Each structure stands twice: as C-alpha cells, then as structure tokens.
J.: 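This is the structure I have questions about; it appears just below.
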Amino acid sequence: MSIELTSITKTYGIQKAVNNISFSAQKGEIVGFLGPNGAGKSTTMKILTGFIQPSKGAVLVSGIDVISNPIEAQKNIGYLPEHNPLYLDMYVREYLQFQGSLYNVERPKINEIVEKVGLTIEAHKKINQLSKGYRQRVGLAAAILHNPEVLILDEPTTGLDPNQLVEIRQLIKELGKDKTVLLSTHIMQEVEAMCDRVIIINKGEIVVNKPISELKTDNEQVIKVTFDYKLEEQFIKRLPNIASYKNTLENNWILTFNTSEDMRPVIFDFAQENGLKILGLNAENKNLENLFRELTQ
Ligand code: ADP
C-alpha cells in the first residue's frame, strides 16, 4: 500500500479534529477525500504529509513510518496545500529550478516536468503574471519534481474557472496514472469526474469508503432527455426499468430508472426504434449527491 492510516486521532484542546480514522490507498488509485468544511480533511492530509503529528495512531507512506521518520517519508510525497504557496516574484522555470535544487533534481528533468504539466509556453513568465489555472500547474509541477509515489492535493481546483477546472482535472488524472493520489474536495461532482474511490469524512469520522462504481450501482439514475417530437406518456412507459417520469417542457422529459445498467444507450435505441431524434441527453447521479448530503448533514 502507498498510504496506510491506522486509527488516527487528532485532538485540539478538547475538540477531536479527526477521530480514530483508518484507510489505505494503493498505486494507480485516485482517491477523493470528500467532506464539508471543518470535517477534518486538511488535518488528515497534514498528518499524512508529516507536517503535524497525530495524537494517536500510525501512518505509513510507501511503507515508511511518517511519525518517526517524516523526512524519509516526505521523499515519497508530493503535496499541494490548499492555498498553493508560490513565490510570486519568481519566474516559473526559476522557481521550479529552486524547488528542484532542494531535491537535487537535474535541469533536464525539470524541463520534462514543465512540458508534462503544460507550462512550456509560460515557463519564462513571472508567476504573478499567471492565471489561477497556470499557478496550479506550477504547484503541481513543484509537487512532482522529486517523482514521489504519493500525491496529496488539498482542494486543488478551488477558485478555477470552468475551462481551467477541466484542464486541471485532466492533468491530475494524467499524473495519477502511475501514482497514488489523495485529493480533498467538498464538491461531489469533482469526485465523480476524477476519482476511482471516494472516502467521505464528516465531523472527523469516515462515513463512506467505496469505489465510485459501487456507489453508483446502489443508485437510481436520473436522465434528462429532449426528443425532437412530442411523445405520449404511453411511449415513455415502455422504456425498460422506468421508475418514474416527468414531462417538463413540450419535448423534455426527466426519466428515473431503477437499475445499475447505464440507460443512456437504451434511450438512444428506443428513440431510433420509434423514429425519434435525441436533441439533448444528460445523466445525473442525483442520489450520489443526496447520499453526500444525508451523510454529512
Ligand atoms: P477541513 O479541511 O475538512 O475543512 P480541518 O481539518 O481544517 O477541516 O478542520 C477540522 C476541525 O479541526 C475544524 O473544526 C477546525 O476548526 C479544527 N482545527 C483544524 N486545525 C486546527 C488548529 N490548528 N487548532 C485548532 N483547531 C483546529
């Protein structure tokens, strides 16, 4: 296992920021660490990276005990804190070379990383000239300079505009292929877009630890569809596994299915068989969000 937390508790005064939590993650996994503000995400991440010590419990990263041997463990950890701390007056390449010098990273390796995170064109700019999205790229580049096995990303997409969001998610997925990534967020869709597994933490305790695919299978599916033609209810009723339906506008329907099967191809076939065209189709995983709300309220 790349990450192994066992019975971790962290107490501030009389408050338990995290209470007896355990989880692990292995190479190639992108794990979403989800919870409302104040749930204990940052505290857990700081413990994992060796920046703070837990009150109780054990933490291993790449098999190294983080509590007794933080420096050695940190060689295997890339960390992007919530408020990406960058030297704004430095140039991108200069900053990465400076960070790299702390780990004896050679210049050709830095150039390779600049390219990998999509900073080639911006590399000669000052960090303060960069957009938030590009600053996150610099933070991610700095986090992977020493080729760590584990990447810990604290709210890596907060404050990004929709385009930057898509690009950074894509980059994290790419970087995650040969690493173990733990990323915190308070946004459910973020986890769906990027992660293989979700750990939900609430009031310092883990309430869910499951692969995304398993979460989805317990759920009903809600699909919004627009046909090119007004349909009668009796047609809609013929759709397999249909649990309920609502005709919102002329040709728009909200369809709810009770099945783990992806119903989108079935709707396409249904349209074709009935001589209809689909003008819009949007699958929502309503229950995943409901589940999050239920578990964290
Ligand atoms: P999250 O990252 O999920 O928003 P945190 O881990 O930052 O949550 O915080 C968990 C709880 O611990 C919160 O109630 C927070 O106020 C408390 N906490 C975090 N850090 C400290 C600290 N250094 N001193 C006192 N309380 C803290």
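Whatever order the structure lists them in is the order used to number ligands and atoms, beginning at 1. What you are looking at is a predicted structure, and each value in this text was computed from that prediction instead of being measured.
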J.: Could you check whether K116 pairs with E174 (Lys NZ or Arg NE/NH1/NH2 to Asp/Glu carboxylate O, under 4.0 Å)?
T.: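 Not counted as a salt bridge, because no side-chain N and carboxylate O are separated by less than 4.0 Å.
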
J.: Cut-off 3.5 Å, no hydrogens considered: what does the side-chain donor-acceptor table look like for residues 30-41, sequence neighbours left out?
T.:
from: K41; atom 1: NZ; to: G35; atom 2: O; distance (Å): 2.7
from: K41; atom 1: NZ; to: P36; atom 2: O; distance (Å): 3.0

J.: Is any side-chain N of the basic residue among E29 and R197 closer than 4.0 Å to the acidic one's carboxylate O?
T.: yes

J.: Any idea which residues sit under 4.0 Å from ligand 1, heavy-atom distances?
T.: Y12, Q15, A17, P36, N37, G38, A39, G40, K41, S42, T43

J.: What donor-acceptor contacts under 3.5 angstrom involve side-chain atoms of residues 261-280, with partners at least two apart or in another chain?
T.:
from: D262; atom 1: OD1; to: R264; atom 2: N; distance (Å): 3.1
from: D262; atom 1: OD1; to: R264; atom 2: NE; distance (Å): 3.0
from: D262; atom 1: OD2; to: R264; atom 2: NE; distance (Å): 3.3
from: D262; atom 1: OD2; to: R264; atom 2: NH2; distance (Å): 2.7
from: N274; atom 1: ND2; to: F270; atom 2: O; distance (Å): 2.8

J.: Please, which pairs that meet salt bridge (Lys or Arg N to Asp or Glu O under 4.0 Å) have at least one residue in residues 121-134, sequence neighbours excluded?
T.: E122-K125

J.: Identify the residue among Q136, E155, R135 that makes a side-chain hydrogen bond (donor to acceptor under 3.5 Å, both in side chains) with N84.
T.: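 Going through Q136, E155, R135 one by one, the side-chain hydrogen bond (donor to acceptor under 3.5 Å, both in side chains) with N84 is satisfied by Q136 alone.
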
